[in-house]
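Heads up: the structure comes next, in structure tokens.
Note that the coordinates shown come from a computational prediction; the quantities given were computed from them, not determined experimentally. Just so you know, these numbers use all the heavy atoms, side chains as well, and skip hydrogens, waters and symmetry mates. In this chain, residues are counted from 1 in sequence order.
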Amino acid sequence: MKKYLLLFTFYFFSASAQVSFKTDILGKGELVREELSLQVPIRLDSLAKDPYKRISVWVVGGNMVFQQMHPTELLPYQTMNLSANVLHLRPLGTRWSLLTAIGIGIYTTENRLSSIAIGENVVANGALLFIWHQNQHLQIGAGTLVNTLLSYPMIFPTAFVEYQGERWTGWAKGNFLEGGKGAIGYHFNDVFSLHLLADASIYAAFLRKEGKKAVFFTQHSIIGLQPDFKVGKYLYIPLVVGIDLMRMSIYKERKFNTFFTQTLEGTSKQSYSPAFYFSVGIKLVN
């Protein structure tokens, strides 16, 4: 089944229902992140004899990320990200596709539902991407993300490229809000593949800091090897072993004239030494 990249939340999606769970561990438990994702196609139409294997599909998806760090006086001890999205992918013209998405995101500094507050840590999200199909193996997409990060709609650029050959695969994707990520891999057989992964993902949480509306960002610079095992017909087990070359934490005020140029007044950027990175996951695909 052909997969498509979704820049909206940095996930692949396909015409199959799937649920996945993974745990990331940084250093000796300096940071632990748990992530649960779910996607369910609710309508699918395939194009007969389409040379680019395009599809028309509606997908409902959700994602939960819980992060816990060593407690300090300067940084949050926990963060929680929750999101729910509705996506639509459809062919456009002879060799294009159009991807649209709308959803909601919750970004808090505590791993509990009672910390959710509309107007403080709940934002609306949207996406519009045009995808060009060079052939059955190569596709390139670009477009915009719309986000109420600064309490009103803002437009940010986003792009991706993906190649799926018989054995070799490669992809790269990125946007201003969620950082960038990419991999090059080789499928040895039906049950094992190996990828070289580069990950500069960004995780966020909204809070009040120094009496102001602020956002707390954590960004990684991970390089690692990702072996992926298929067990039976539906089960996949991906692992990542690597190093986080530089983790950075920073506060930004949710204000347009300072957000892109400086840190929140009264705070400073925190940088961390390189640390061992390990991730293990499980994915069920029907």
Between V57 and V59, is the side chain to side chain contact (heavy atoms under 4.5 Å, CB included) condition met? List the steps. CA-CA 6 Å; V57 62; V59 176; 3.7 Å; yes
Would you check if [X] and [Y] make a side-chain contact, meaning some heavy-atom pair closer than 4.5 Å?
X    : Y    : result
S115 : M80  : yes
N125 : I104 : no
F256 : L150 : yes
V191 : N189 : yes
K213 : L207 : no
L36  : M64  : yes
L194 : Y186 : no
K230 : F192 : no

Between [X] and [Y], do the side chains contain an N or O donor and an N or O acceptor separated by less than 3.5 Å?
X    : Y    : result
S37  : N63  : yes
Q67  : T79  : yes
Q139 : E162 : yes

Is atom [atom1] of [X] surrounded by more than 12 heavy atoms (other residues, nucleotides or ligands) closer than 6.0 Å?
X    : atom1 : result
E166 : CD    : no
I184 : CD1   : no
D190 : CG    : no
F188 : CZ    : yes
F278 : CZ    : yes
I42  : CD1   : yes

According to a 4.5 Å side-chain heavy-atom criterion applied to Ile, Leu, Val, Met, Phe, Trp and Tyr, with indirect links allowed, do [X] and [Y] form part of one hydrophobic cluster?
X    : Y    : result
V231 : Y234 : no
I243 : M246 : no
I202 : Y107 : yes
Y77  : V65  : no
L98  : L138 : yes

Can you name the nearest heavy-atom pair linking [X] to [Y], along with the distance?
X    : Y    : value
L264 : A214 : CD2-CB, 3.9 Å
P91  : R54  : CB-NH1, 3.7 Å
P238 : Y236 : CD-O, 3.6 Å
F206 : T109 : O-CG2, 4.1 Å
N111 : Q78  : N-OE1, 3.3 Å
Y251 : P76  : OH-CD, 3.1 Å

Is it true that E120 and R208 make a salt bridge, defined as a side-chain N closer than 4.0 Å to a carboxylate O? yes
Ion pair K212/E265, N-O distance below 4.0 Å: yes
State whether the side chain of [X] and the backbone N or O of [Y] hold a donor-acceptor pair below 3.5 Å, judged by distance alone.
X    : Y    : answer
K269 : T263 : no
T148 : S151 : no
E253 : T258 : no
T158 : G174 : yes
D244 : S221 : yes

Approximate separation, where rounding is to 0.5 Å, of [X] [atom1] and [Y] [atom2]:
X    : Y    : atom1 : atom2 : result
H220 : Y203 : NE2   : OH    : 6.0 Å
L128 : I102 : CG    : CD1   : 12.0 Å
R90  : I55  : CZ    : CD1   : 13.0 Å
W58  : T100 : CH2   : OG1   : 6.0 Å
L196 : L225 : CG    : CG    : 6.0 Å
S56  : R43  : OG    : CZ    : 7.0 Å

N/O donor-acceptor pairs under 3.5 Å from side chains in residues 22-32, not counting sequence neighbours:
residue: D24; atom: OD1; partner: Y277; partner atom: OH; Å: 3.2
residue: D24; atom: OD1; partner: S279; partner atom: OG; Å: 2.7
residue: D24; atom: OD2; partner: R33; partner atom: NH1; Å: 3.2
residue: D24; atom: OD2; partner: Y277; partner atom: OH; Å: 3.4

Show, in sequence, the C-alpha distance, side-chain angles and deciding distance for Y163 and W171, and conclude whether the side chain to side chain contact (heavy atoms under 4.5 Å, CB included) test is met. CA-CA 6 Å; Y163 174 79; W171 53 267; over 6 Å; no
For a side chain to side chain contact (heavy atoms under 4.5 Å, CB included) check, start with the C-alpha distance between Q270 and L74, then their side-chain angles and the critical distance, and finish with the verdict. CA-CA 9 Å; Q270 303 290 318; L74 300 176; 3.8 Å; yes
Quick one: list whatever passes side-chain hydrogen bond (donor to acceptor under 3.5 Å, both in side chains) with [X], sequence neighbours left out.
X    : value
S114 : R112
D45  : none
Y272 : none
N81  : none

Would F176 and F260 count as a close aromatic pair, with their ring centres under 6.0 Å? yes
Going by ring pair (Phe, Tyr, Trp, His ring centres under 6.0 Å), name the residues that satisfy it together with F66, two or more places apart in sequence or in a different chain. none
Should S97 and L89 be marked as a side chain to side chain contact (heavy atoms under 4.5 Å, CB included) after you check the CA-CA gap, both sets of side-chain angles, and the distance that decides it? CA-CA 7 Å; S97 291; L89 177 73; 4.0 Å; yes
Name the one of I140, L99, L92 that satisfies side chain to side chain contact (heavy atoms under 4.5 Å, CB included) with I131? L99
